[in-house]
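Quick note on labels: first sequence line is chain A, next is B, and so on, each numbered from 1.
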There are 2 protein chains.
Amino acid sequence: MSVAIENFIKAIYNNDSHDIKDTKPGNIAKQLGISSAAATDMAKKLATKDLLHYEKYQALQLTDKGTKMALNVVRKHRLWEAFLFKMFDMSLHDIHREAELLEHQTSDFLADKISEYLGHPKFDPHGDPIPNSNGEITTEDHSIALADANEGQTYVISRLMSDNKEFFEFCALNDIKYRNTLVVSKQFTTNKMTQITIGTNTIVLNQDFTKIIYVDEK
Amino acid sequence: MSVAIENFIKAIYNNDSHDIKDTKPGNIAKQLGISSAAATDMAKKLATKDLLHYEKYQALQLTDKGTKMALNVVRKHRLWEAFLFKMFDMSLHDIHREAELLEHQTSDFLADKISEYLGHPKFDPHGDPIPNSNGEITTEDHSIALADANEGQTYVISRLMSDNKEFFEFCALNDIKYRNTLVVSKQFTTNKMTQITIGTNTIVLNQDFTKIIYVDEK
DNA sequence: TAAAACTTTTAAGTTAGCTTAAAAATTAAT
DNA sequence: ATTAATTTTTAAGCTAACTTAAAAGTTTTA
């Protein structure tokens with residue numbers, strides 16, 4: 001299975017499992033940086049391989065086989081993220097970028113070695129769940145959006161749901177990092193932004209950023 | 001630069017720096033598992049990119065630019081080998097196989113991180129020298145072929161110059177492993193094979209294997 | 001609900017990296 | 001030093017993964 005196919009399947013999986021559920025060829029194409037025409041072609045091809053269901057003008061849906069494949073790639077991606085995060089001093093954004101390439105060139109055998117070394121972690125540094133080698137994935141998620149955090153409460157960052165570079169720069173600047181503890185001293189929300197005081201540091205989360213930082217109560 | 005190009009350049013580099021100096025398209029093709037025709041085409045293309053010198057029916061020769069590129073890939077390969085060898089319990093053959101894929105998907109940045117973590121090692125687990133980030137490579141090599149080892153002398157394995165699976169199985173069986181110490185108690189050579197007694201264990205190196213195990217005096 | 005706006009699909013074409021088969025050149029052998 | 005064997009090159013053709021442009025279909029909006 002080629003890199004192009006793995007990325008295509010993964011994009012459908014990610015779109016399907018996130019809020020935005022648009023898995024029509026055009027939307028997948030946009031995310032992969034290819035033309036809609038190419039995405040339509042690919043969709044047709046993968047349908048013949050029984051990796052997804054394709055019906056003209058309809059959203060693409062992974063078959064069980066396709067889902068399994070997506071989970072295998074996602075597993076490798078997240079294991080690499082967890083591993084690089086532990087081993088090296090690198091930004092989450094850089095780690096993501098490396099994992100994006102390594103995920104396609106990693107045998108199941110090596111993935112298992114990495115997982116074993118890390119003690120079979122259930123989450124990566126963004127807080128995203130890591131599928132196990134059978135393709136099973138933890139769905140339990142007690143985290144809430146940081147924007148919805150309560151004054152006076154202590155939280156632990158559990159999830160940074162983005163692959164946007166500026167977002168990670170913003171996080172680095174404000175010490176927002178996977179598993180970091182924070183105390184919310186003040187919280188103020190309008191429909192355009194949320195202002196939060198963490199310790200003595202006040203940050204403003206604009207609409208784009210409110211829904212990608214998740215925390216657990218501590 | 002594509003994986004195909006990197007592998008092509010690397011194959012020329014490896015052939016050129018080893019005993020066998022045949023870098024004609026046909027020989028490179030054989031090693032890459034592609035047709036000679038494909039190799040000739042590739043050679044012509046890379047000549048236009050100033051990565052090698054191509055003259056009809058002649059051996060291919062890397063330019064400075066081509067050599068630099070080869071060294072960069074070789075560096076990543078050997079760093080991955082050293083890293084995987086240190087981190088995980090895997091056979092040298094498996095490590096080689098993973099490194100063969102990962103080398104093409106590793107940024108210079110990550111390579112430097114790995115090198116730093118390992119304390120900038122000069123050799124990989126096969127004893128092959130690791131080029132530094134400027135493409136400089138240690139050429140000093142005091143090792144001799146195991147077949148030429150002397151009776152009564154103690155040696156350390158410094159180099160296993162092969163990527164052949166059976167060879168590594170043979171090594172594993174006979175405890176021949178990078179940096180392992182061995183005492184040669186008896187040595188007997190014909191022009192077809194070398195028989196060596198290491199401790200109490202007698203092994204026979206056929207012609208194929210005599211020139212790929214190297215040792216340093218201890 | 002009909003026109004306008006947008007998206008998806010089809011069609012035709014491109015490039016990288018291969019293939020096989022035959023022609024051309026080199027190398028080896030008698 | 002020819003002939004035979006081998007290797008390299010040329011030529012033609014294939015497939016995966018794209019592209020652009022136009023046709024077909026869907027969705028939005030007035």
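Partners of Glu81(A) under the salt bridge (Lys or Arg N to Asp or Glu O under 4.0 Å) rule, at least two apart in sequence or in another chain, do not exist in this structure. Residues satisfying the salt bridge (Lys or Arg N to Asp or Glu O under 4.0 Å) criterion with Asp112(B), sequence neighbours excluded, are Arg75(B). Applying the side-chain hydrogen bond (donor to acceptor under 3.5 Å, both in side chains) criterion to Glu55(B), with sequence neighbours excluded, gives no partner residue. Scanning for side-chain hydrogen bond (donor to acceptor under 3.5 Å, both in side chains) contacts around Ser115(A) gives His120(A), with sequence neighbours left out.
Residue Lys44(B) places no side-chain N or O under 4.0 Å from the OP1 or OP2 atom of dT9(D). Applying the 4.0 Å criterion to OP1 and OP2 of dA17(D), one finds that Ser2(A) has a side-chain N or O inside that range. A sub-4.0 Å separation between OP1 or OP2 of dT6(D) and a side-chain N or O of Lys24(B) is absent. The shortest distance between the side-chain N/O atoms of Lys56(B) and the OP1/OP2 oxygens of dT10(D) is below 4.0 Å.
Rounded to an integer number of Å, the gap from Asp22(A) CG to dT8(C) C1' is 12 Å. Regarding Lys49(B), its NZ atom lies at a distance of 10 Å from the C1' atom of dA16(C), rounded to whole Å. One atom, CG of Asn7(A), and another, P of dA17(D), lie 11 Å apart when rounded to the nearest Å. Whole-Å rounding puts the Asn27(A) CG to dT7(C) C1' distance at 11 Å. Counting to the nearest Å, the C1' atom of dT8(D) and the CD1 atom of Ile28(B) are 14 Å from each other. For the pair Leu46(B) CG and dA16(C) P, the interatomic distance rounds to 12 Å; values are reported in whole Å. Computed from coordinates, the Gln58(A) CD to dT7(C) C1' distance equals 13 Å when rounded to whole Å. Rounded to a whole Å, the CD atom of Glu55(B) is 11 Å from the P atom of dT9(D).
Distance CG/Leu84(A) to NE2/His96(A): 12.0 Å, rounded to 0.5 Å.
Residues in residues 25-38 of chain A take part in no salt bridge (charged side-chain N to carboxylate O under 4.0 Å, His left out) pair, two or more places apart or across chains.
Candidate nucleotides dA17(D), dT9(C), dT9(D) were compared by shortest atom distance to the side chain of Thr40(B), and dT9(D) ranks first.
Across all strands shown, Tyr54(A) has heavy atoms under 4.0 Å from sugar-phosphate atoms exclusively, and none from any base.
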| Contact state string [nucleotides 18-24 of chain C, B base, S sugar-phosphate only, - no protein heavy atom under 4.0 Å] | BBB----

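The closest side-chain heavy-atom distance from Leu92(B) to Pro125(B) is below 4.5 Å.
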